[in-house]
Amino acid sequence: QVQLVESGGGLVQAGGSLGLSCAASGRTFSTAHMGWFRQAPGKEREFVAAIRRAGGSTSYAESVKGRFTISRDNNKNTLYLQMNGLKPEDTAVYYCAAAADTSWYRAALGASYNYWGQGTQVTVSS
């Protein structure tokens, strides 16, 4: 079993930055591919970014590429999402997720995620 707890959400103005963290426990963090997802009001959940278990490869949704950066510190069992140049359309509940499947191919596409955090609200004002 894996437990994930997000933190760092809040209210920011357009053009600003915000950093999210996800603390993981319950299994060896370094063995799992990790990802960030978000769900905006009235919208379906969408894939944001993923990072390979060793941290060597990343994958991003086109909408955030160049603005968001996913990273991890396996020694601290922590996943991060640095969000820069925030836009009102980035407003959503952001979720941290872990993939039990060892396939990076699937994780990079936003598939095969089995464990989820509770979510943290990010609101971007104009």
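Residue pairs meeting the disulfide bond (SG atoms under 2.5 Å apart) criterion with at least one partner in residues 31-70, sequence neighbours excluded, are absent. Judged as a salt bridge (charged side-chain N to carboxylate O under 4.0 Å, His left out), not a single pair has a partner in residues 71-87 (not counting sequence neighbours). Within the structure, no pair that satisfies the disulfide bond (SG atoms under 2.5 Å apart) test touches residues 66-95, not counting sequence neighbours. Here ring pair (Phe, Tyr, Trp, His ring centres under 6.0 Å) pairs that include residues 62-99, with residues two or more places apart or in two chains, number zero. Here disulfide bond (SG atoms under 2.5 Å apart) pairs that include residues 48-90, with residues two or more places apart or in two chains, number zero.
Note on Trp116 and Leu81: separate hydrophobic clusters, where clusters join Ile, Leu, Val, Met, Phe, Trp and Tyr whose side-chain heavy atoms are under 4.5 Å apart, directly or indirectly. Under a hydrophobic-cluster definition in which Ile, Leu, Val, Met, Phe, Trp and Tyr are linked whenever side-chain heavy atoms come within less than 4.5 Å, directly or via other members, Leu79 and Leu18 are assigned to the same cluster. The hydrophobic cluster containing Ile70 also contains Val64, counting ILVMFWY residues as joined when their side-chain heavy atoms lie under 4.5 angstrom apart, directly or transitively.
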Distance-only donor-acceptor pairs under 3.5 Å for side chains of residues 41-52, two or more places apart:
{"residue": "Glu46", "atom": "OE2", "partner": "Arg38", "partner atom": "NE", "Å": "2.8"}
{"residue": "Glu46", "atom": "OE2", "partner": "Arg38", "partner atom": "NH2", "Å": "3.3"}

Output a table of donor-acceptor pairs, distance under 3.5 Å, between side-chain atoms of residues 98-105 and any protein atom two or more places apart or on a different chain; print 'none' if there are none.
{"residue": "Asp101", "atom": "OD1", "partner": "Ser103", "partner atom": "N", "Å": "2.9"}
{"residue": "Ser103", "atom": "OG", "partner": "Tyr105", "partner atom": "N", "Å": "3.4"}
{"residue": "Ser103", "atom": "OG", "partner": "Arg106", "partner atom": "N", "Å": "3.2"}

All N/O donor-acceptor pairs, side-chain side in residues 5-15, below 3.5 Å, sequence neighbours left out:
{"residue": "Glu6", "atom": "OE1", "partner": "Gln118", "partner atom": "N", "Å": "3.0"}
{"residue": "Glu6", "atom": "OE1", "partner": "Gln118", "partner atom": "NE2", "Å": "3.1"}
{"residue": "Glu6", "atom": "OE1", "partner": "Gly119", "partner atom": "N", "Å": "3.0"}
{"residue": "Glu6", "atom": "OE2", "partner": "Cys96", "partner atom": "N", "Å": "2.7"}
{"residue": "Glu6", "atom": "OE2", "partner": "Gly119", "partner atom": "N", "Å": "3.3"}

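Remark: the backbone N or O of Val124 is paired with a side-chain donor or acceptor of Thr91 at under 3.5 angstrom.
Counting only heavy atoms from C-beta outward, the side chains of Leu20 and Val122 approach each other to under 4.5 Å. Here the side chains of Asp90 and Met83 are not in contact, with every heavy-atom distance at 4.5 Å or above.
Nearest heavy atom pair, residue Met34 against residue Leu4, reads CE-CD2, 3.9 Å. The two residues Val93 and Gln121 make their nearest non-hydrogen contact at CG2-OE1, 3.3 Å. The minimum heavy-atom distance between Ala107 and His33, with the atom names listed, is CB-CB, 3.7 Å.
Remark: Gln3 pairs with no residue by the side-chain hydrogen bond (donor to acceptor under 3.5 Å, both in side chains) rule, at least two apart or across chains. Judged as a side-chain hydrogen bond (donor to acceptor under 3.5 Å, both in side chains), and not counting sequence neighbours, Ser71 has no contacts. For Thr58, there are no side-chain hydrogen bond (donor to acceptor under 3.5 Å, both in side chains) partners at least two apart in sequence or on another chain. Remark: Asn84 engages Ser17, Gln82 in a side-chain hydrogen bond (donor to acceptor under 3.5 Å, both in side chains) (not counting sequence neighbours).
Between Ser125 atom OG and Leu86 atom CG the span is 10.0 Å, to the nearest 0.5 Å.
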